[in-house]
Amino acid sequence: MESKSTKTINSASVGILIPTINENTLEDVVSAITKQCLAANVIVLGYGASRQLAQTYDVDFLDFGQKTRKSIMLNYAIEHSDCENFIVLDADTVPTDTWFSKMMDLFSQGHQIFSGAMNLSNGNFWMKVFNYSSLHEFAYQNPPSSRKHLASFSLGFTKDFFNRNGGFDESLMRCDDFEWSLRASSADETLFFSPDPVVNHYPINKSSLRSVLRYFI
């Protein structure tokens with residue numbers, strides 16, 4: 001069960017993991033993070049062109065050599081890290097200015113697993129259709145609440161939680177984050193949603209009717 005004791009969390013103990021398939025929003029994400037997370041361990045997980053971007057912004061890079069499932073990259077990075085706390089941030093979610101401080105507040109409040117919120121109104125019409133149809137539960141207009149499942153677009157958790165719950169299911173093509181968090185709630189872990197840490201979501205690969213339908217069918 002989750003402890004709610006309040007304590008100060010050192011940002012140097014936090015690993016920010018950014019799995020990528022070289023989205024063209026990746027630089028915006030990394031740039032926004034480096035402006036507000038000076039002491040945290042920022043690690044880009046990917047291949048190819050993302051290595052140069054990581055070097056440009058002086059963040060760590062974990063090279064998988066080819067396009068790799070998010071679940072595989074995350075499990076490997078977490079299992080081989082000495083960090084006590086982790087944040088998973090998608091490469092198409094650009095943090096707002098207070099995002100990191102709000103995520104740190106949630107760690108300090110004792111939450112073992114939690115997610116931040118999304119601004120779903122970015123992009124063209126079809127990007128907004130995708131956002132509101134699939135991620136409306138995580139809009140920043142929603143109140144803070146306990147949840148049965150969480151998504152991993154802006155997800156915080158402790159290493160202790162990861163060790164208790166086990167890793168992400170690497171056999172799943174999608175929704176591995178939902179399975180992972182549902183597994184936790186079925187084991188009586190407390191999952192928390194907060195509207196305070198906000199990211200702007202740009203689902204660049206969902207910018208047409210065809211691409212949105214291809215995702216859902």
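Only a predicted model underlies this, so the values are computations on that prediction, with no experimental measurement involved.
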Under the 3.5 angstrom rule, does the side chain of Asn122 hit a backbone N or O of Asn119 as a donor-acceptor pair? yes

Do Leu150 and Phe161 belong together in a cluster built from hydrophobic side chains that touch within less than 4.5 Å? yes

Full working for side-chain contact (heavy atoms from CB on, under 4.5 Å) between Val59 and Thr34: CA-CA 8 Å; Val59 300; Thr34 55; 3.8 Å; yes

Provide the full list of salt bridge (charged side-chain N to carboxylate O under 4.0 Å, His left out) pairs with a residue in residues 80-91, sequence neighbours left out, each pair given once. Lys70-Asp90

Under 3.5 Å side-chain donor-acceptor pair for Asn85 and Thr158: no

Just by distance, with hydrogens left out, do Glu27 and Tyr57 show a side-chain donor and acceptor under 3.5 Å apart? yes

What are the two closest heavy atoms between Pro95 and Leu89, and how far apart are they? CG-CD2, 3.7 Å

Val88 side chain reached by Leu74 side chain, heavy atoms, under 4.5 Å: yes

Nearest heavy atoms of Thr25 and Asp92, plus distance in Å: OG1-CA, 3.3 Å

Nearest 0.5 Å, please: how far is CG in Asn75 from NE2 in His80? 11.0 Å

Is there a side-chain contact between Val30 and Ile18 (heavy atoms, below 4.5 Å)? yes

What about Leu155 and Val198, same hydrophobic cluster or not, with Ile/Leu/Val/Met/Phe/Trp/Tyr joined at side-chain heavy-atom distances under 4.5 Å? no

Straight-line distance of Asn163 CG to Glu79 CD, nearest 0.5 Å: 9.0 Å

Which distance, rounded to the nearest 0.5 Å, do you find between the NZ of Lys206 and the CG of Leu213? 12.5 Å

Partners of Phe178 by ring pair (Phe, Tyr, Trp, His ring centres under 6.0 Å), sequence neighbours excluded? His149

Give me the atom names and distance for the closest heavy-atom approach of Ala117 to Pro195. CB-CA, 3.7 Å

Connected via hydrophobic side-chain network under 4.5 Å: Val129 and Leu120: yes

To the nearest 0.5 Å, tell me how far Thr93 OG1 sits from Met118 CE. 6.0 Å

Can you see whether Phe61 has Arg51 sitting over its ring - NZ or CZ less than 6.0 Å from the centre and within 45° of the normal? no

Residue Phe64 excluded, over 12 heavy atoms near CZ under 6.0 Å: yes

I want to check something: taking the side chain as every heavy atom from C-beta on, are Met127 and His201 in contact at a cut-off of under 4.5 Å? no

Run the ring pair (Phe, Tyr, Trp, His ring centres under 6.0 Å) test against Tyr47 and tell me which residues pass, sequence neighbours left out. none

Which atoms form the tightest heavy-atom contact between Ala91 and Pro19, and what is the distance? CB-O, 3.7 Å

Cluster question for you: counting only ILVMFWY and a side-chain heavy-atom cut-off of under 4.5 Å, with indirect links fine, are Val14 and Phe192 together? yes

Ring centroids only, cut at 6.0 angstrom: are Phe107 and Phe114 within range, meaning strictly under it? yes

Assess the side chains of Arg183 and Ser181: does a donor N or O sit below 3.5 Å from an acceptor N or O? no

With a 4.5 Å heavy-atom cut-off, do Ser121 and Tyr132 have their side chains touching? yes

Linking Ile, Leu, Val, Met, Phe, Trp and Tyr by side-chain heavy atoms under 4.5 Å, what else ends up with Leu182? none

Do the side chains of Tyr140 and Leu191 join up, straight or via other hydrophobic residues, at under 4.5 Å, putting them in one cluster? no

What are the two closest non-hydrogen atoms of Met73 and Leu45, and how far apart are they? SD-O, 3.6 Å

Are the side chains of Phe157 and Ile78 in touch, meaning some heavy atoms are under 4.5 Å apart? yes

Give every donor-acceptor pair under 3.5 Å between a side-chain atom in residues 97-105 and any protein atom, sequence neighbours left out.
| residue | atom | partner | partner atom | Å |
| --- | --- | --- | --- | --- |
| Trp99 | NE1 | Ser154 | OG | 2.9 |
| Ser101 | OG | Thr98 | O | 2.9 |

Is there a donor-acceptor pair under 3.5 Å between the side chain of Ser186 and the backbone N or O of Ala184? no

Distance (rounded to the nearest 0.5 Å) between Leu106 CG and Gln109 CD: 5.0 Å

Residues passing the ring pair (Phe, Tyr, Trp, His ring centres under 6.0 Å) test with Phe138, sequence neighbours excluded, are Phe153

Separation of Glu23 CD from Ile21 CD1 (nearest 0.5 Å): 4.5 Å

Are side-chain heavy atoms of Ile113 and His111 found at a separation under 4.5 Å? no

Do we see a donor-acceptor contact under 3.5 Å between the side chains of Ser71 and Glu170? no

Is the shortest side-chain heavy-atom distance between Gln112 and Asp160 below 4.5 Å? yes

Counting only N and O atoms by type, is there a donor-acceptor contact under 3.5 Å from the side chain of Arg147 to the main-chain atoms of Ser115? no

Contact between Ser50 and Thr20 at the side-chain level, heavy atoms closer than 4.5 Å - yes or no? yes

Can you name the nearest heavy-atom pair linking Cys83 to Asn41, along with the distance? SG-ND2, 3.5 Å

Picking from Tyr76, Trp180, Phe86, what satisfies ring-ring contact (aromatic ring centres under 6.0 Å, His included) with Phe168? Trp180

